[in-house]
Number of protein chains: 2
Amino acid sequence: MNYTELTKLLNSYGLALNTMMYDALTIAPKQGAPYRNEAMALLNGEYFKLLTSDESIKVFKEAQNHDDAIIAESAKYTSKEILKIKNIPEKEYVDFVHLTNDSQQAWEDAKSKNDYSLFEDNLIKLIASRKKLMAYREEEQPLYTQLLSDYEDGLTLEKVDDFFEVIKTELVPFIDIVIEAQGDKPDFLTSHVPIEKQKEISKLIMDHLSYSFDFGYLAEAEHPFSSTFSINDTRITTHYKVDDFTSNIFSVIHEVGHSLYNHNVNPKFEGHAVANNMSYSMHESQSRFLENNIGRSKEFWIPIYGKLQAIIPTTLSNISLDEFILGINYVERSAIRTESDELTYPLHILVRYELEKMMFESNETPENLNIKFRDLMKEYIGINVESDDLGILQDVHWSDASFGYFPTYALGSAYAAQFMVQMEKDIPLKSGLMTGDLKPMFIWLKNEVHQYGGFYQADTILNKATNESFNPHHYINYLKEKYSQLLGI
Amino acid sequence: MNYTELTKLLNSYGLALNTMMYDALTIAPKQGAPYRNEAMALLNGEYFKLLTSDESIKVFKEAQNHDDAIIAESAKYTSKEILKIKNIPEKEYVDFVHLTNDSQQAWEDAKSKNDYSLFEDNLIKLIASRKKLMAYREEEQPLYTQLLSDYEDGLTLEKVDDFFEVIKTELVPFIDIVIEAQGDKPDFLTSHVPIEKQKEISKLIMDHLSYSFDFGYLAEAEHPFSSTFSINDTRITTHYKVDDFTSNIFSVIHEVGHSLYNHNVNPKFEGHAVANNMSYSMHESQSRFLENNIGRSKEFWIPIYGKLQAIIPTTLSNISLDEFILGINYVERSAIRTESDELTYPLHILVRYELEKMMFESNETPENLNIKFRDLMKEYIGINVESDDLGILQDVHWSDASFGYFPTYALGSAYAAQFMVQMEKDIPLKSGLMTGDLKPMFIWLKNEVHQYGGFYQADTILNKATNESFNPHHYINYLKEKYSQLLGI
């Protein structure tokens, strides 16, 4: 096979597995899971066999010198990915897959029974196993740096350390001020809103963001996510909670941010790795930009707040736009990351980051991670986490060995702020939002970020767009300005 | 690979392709179709390469002598399927696939423009190509017999000829009598019913039939179908028309009939060919039994008609149960097969059957099939088909070379009637329906039909269940009795 044939075949497996996963997480009946899981594992095996075959290694090595830069960059990326796994003995890889499967189950049990001891052994094994598999890579970098690079190519520990240092020193004291200045949490946030009404709200939001079912879809899933099948098929999911209608609103905006990124990639990239391999943090920058910088701004809601009120008058007819904006930006010292506000969010990530460093920067077995988690939550967010299900067990990521993933969430928000500073210099962003004309914003994002897919590293994109390397102070400034204005402090 | 490994791998491809197809026909965004179609074609190619490989031929040949009858029967079936395709030169097969793809497009164009000439060449080529490919089979039977057997293993031309002879002589004159005795078509059938209300009706029907999303799902599709992923994942689709709410009702009942058949197969069959390879006509017998014999009976509606009225009072509050039953059994000389009533339905099939015989029983190129179609419609249904989009172009089946498929639709109804005669001897069917207790009926179906999957040929199942080979007179009797009672004739 040549590069094109091989890539197309690999993509076919990828699309099949993606479709099956989207199906499994949205509509697929529970009882079919064992049969489906076995089939997916087999196809996954075929995919990996093909990807790491001698033929494949040769094809992607040669293609790195291709005249077409799209092919050359894609081949470089794929070759690097192959290098990460090709030396792992099959037996060890299979054991690892079994361990992650078992650990998912153990995590679910531990979480539902609020008993960390049911998961602790698995977590320790997962860390050890991850370390062991990484030893097969032909890399020199420290382990945690390698893990960070898995989610953002080129990311360094130093950069992330600097970032979190700024977060820690600047944000932790600022939160005290904000919470002091805030009133009570508004009742409308927990008002009962029937799912049918929330579906109308989803439609309102998607239309306003020009997200169309011609190239997308909105399904329901327990935990919202987006999934890209190809440039012209990139779908989202949401989860409706009758007592928390804004949760759906911001899920939809967030996932549309992801989806439009994939949809606006240079069409010439279709079928090549660079169409999809953007870094996780850059991806998160696009979802968080839309969700927070835009979706929680007053300007965004000016043209559509009346429509939202018309859909749910019982909930919103007595709530002014300003009250609504204060509500959707309400800051709380809360335990759950995914429900946290824009201001405390990065501190949740800081906690995970410090724990991950403990796991991977030393050879010792990490102990009492649940207690350490609670201590850090107390220190940074000022909250007493009462139990482990609301603590270390709240998130799925460690149960499938996705160590190094958490930091991308916070970095994404910081990239978003840096983009916004530049965007406001380049286009009349706020007036566009206020009149409901989002086109200039989307064109800016497409030209400066989306079109490049994964062709460039995150920092290159930042530099090209903002004439500056990553600078976390834009993020801090954005948050401080926003909340100072909101609360008049 | 051994039988188990090979079967599991083949099944994995099958499940992937099935999932992608269900996705494509329900929610997938249009713009992603070209990318998806290419990927599906590639995976399909991998599947066929594996299925027809020397290794596979050997494995399935050996497995025919396996001690486990499930494996032996499955291997026999699969070996037979391989034999049908393995000698076809790849080039010819690829040409055929291209021809069917082009012909789909040509058919759509021709139908939408109501211009048979845009499809005629393709149809003639499809017939010729089908004949040519069949010449590579190592079979002695006449071509049309072979085609019939593709959809029902063991079906003979003689049996089908006899069947349609009875239909022709008995049913054609009876329809005149029924239409004479009937009143006007009731208005409620075309009353406006919002889709949200129709979704509630779907739920009512599925609950009443014990069709659960634990092992199924209801999606929307342009043309309703059911799709089986595994014994515990067998899904249906429907299509909502605001001016024809009973269309959804009978689609749901029909597809549930298909789905429950696959769901009730002996669990030991899971993963083997016999779990899925029941004949098309036997499958259709289960969907049509539920849709027509049960779903259009007064007894079925007695316990739930009040609930239906409560969902759509504007449409049904002034319609008595008897009026409703007359309405859903209203007989019309209409052009469109899929919208036709229980009585004229087999005559639509008769028309297709006679045309297919013309195509495959002679070596001459069939001419003016559209005119012949109109002539036969006039002769058997007594209707002047005004244009070809309402005539020969109305159905998709010939555009993908599915010749021999149509007869299974009518045979299914006839098998259903034969089962019903026996069922009424074995269990108190009507009283069960009247009290809403459908369990005895489903147990009978499971024991006598569903559990066997494709392990036995259709006629064996009929014989085991009814102590009689296929006898079309049960069908005629059923229809005559039903309509005589309904109309008091």
Side-chain angles (χ1 to χ4, degrees), chain A residues 5-24 26-47 49-50 196 199 211-219 227-235 259 263 267 270-271 275, chain B residues 5-24 26-47 49-50 196 199 211-219 227-235 259 263 267 270-271 275:
Chain A
E5 289 162 347
L6 180 59
T7 306
K8 285 192 176 189
L9 189 52
L10 285 166
N11 287 344
S12 303
Y13 284 105
L15 182 64
L17 288 161
N18 238 345
T19 308
M20 292 164 98
M21 185 53 84
Y22 189 85
D23 176 80
T26 54
I27 63 169
K30 284 191 298 286
Q31 292 180 9
Y35 185 89
R36 184 168 54 247
N37 289 345
E38 190 179 4
M40 287 180 72
L42 276 174
L43 280 187
N44 221 355
E46 291 300 298
Y47 174 79
K49 222 185 291 170
L50 182 61
E196 287 312 317
K199 287 184 178 175
Y211 180 73
S212 147
F213 283 11
D214 285 345
F215 62 83
Y217 191 72
L218 172 68
S227 185
T228 293
F229 297 72
S230 62
I231 287 177
N232 290 310
D233 183 354
T234 170
R235 313 187 195 172
S259 236
H263 180 57
E270 182 83 293
Chain B
E5 289 161 346
L6 179 59
T7 305
K8 285 193 176 187
L9 189 53
L10 285 166
N11 287 344
S12 301
Y13 285 106
L15 182 64
L17 287 162
N18 239 343
T19 307
M20 292 165 98
M21 186 53 87
Y22 190 84
D23 176 79
T26 54
I27 63 169
K30 284 192 300 282
Q31 292 180 6
Y35 185 91
R36 185 169 54 248
N37 289 346
E38 190 180 3
M40 288 180 73
L42 275 174
L43 280 187
N44 220 357
E46 291 299 298
Y47 174 80
K49 222 185 292 170
L50 182 63
E196 287 311 317
K199 287 184 177 174
Y211 180 73
S212 148
F213 283 10
D214 286 345
F215 62 83
Y217 191 72
L218 172 67
S227 186
T228 293
F229 297 71
S230 64
I231 287 175
N232 290 310
D233 182 355
T234 171
R235 312 186 196 173
S259 236
H263 180 58
E270 182 84 293

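Naming convention: chains lettered A, B, ... in sequence-line order (proteins, then strands); numbering from 1 in each chain. Below, all heavy atoms of this structure are taken into account, side chains as well, without hydrogens, waters or symmetry copies.
Just one residue in the list A:Thr26, A:Asp23, A:Ile27 forms a side chain to side chain contact (heavy atoms under 4.5 Å, CB included) with B:Tyr217, and that residue is A:Ile27.
Within the model, atoms CD of A:Gln31 and CZ of B:Phe213 stand 13.5 Å from one another, a figure rounded to the nearest 0.5 Å.
Nearest heavy atoms, B:Tyr13 versus A:Tyr13: OH-OH, 2.6 Å. Taking each heavy atom of A:Ser230 and B:Gly32 in turn, the nearest pair found is OG-CA, 4.2 Å. Smallest separation of non-hydrogen atoms from A:Asn232 and B:Pro29: O-CG, 4.2 Å. Closest heavy-atom contact between B:Arg36 and A:Asp233: NH1-OD2, 3.2 Å.
With a 4.5 angstrom heavy-atom cutoff, A:Ala28 touches chain B via backbone and side-chain atoms both.
If you tally non-hydrogen atom pairs under 4.5 Å between each of B:Ile231, B:Leu42, B:Thr234 and chain A, the highest count goes to B:Leu42. Your options are A:Asn11, A:Leu43, A:Leu17, A:Asn18, and the one with the most heavy-atom pairs under 4.5 Å with chain B is A:Leu43.
Side-chain atoms of B:Glu46 and A:Glu46, non-hydrogen and from C-beta on, never get closer than 4.5 Å to each other.
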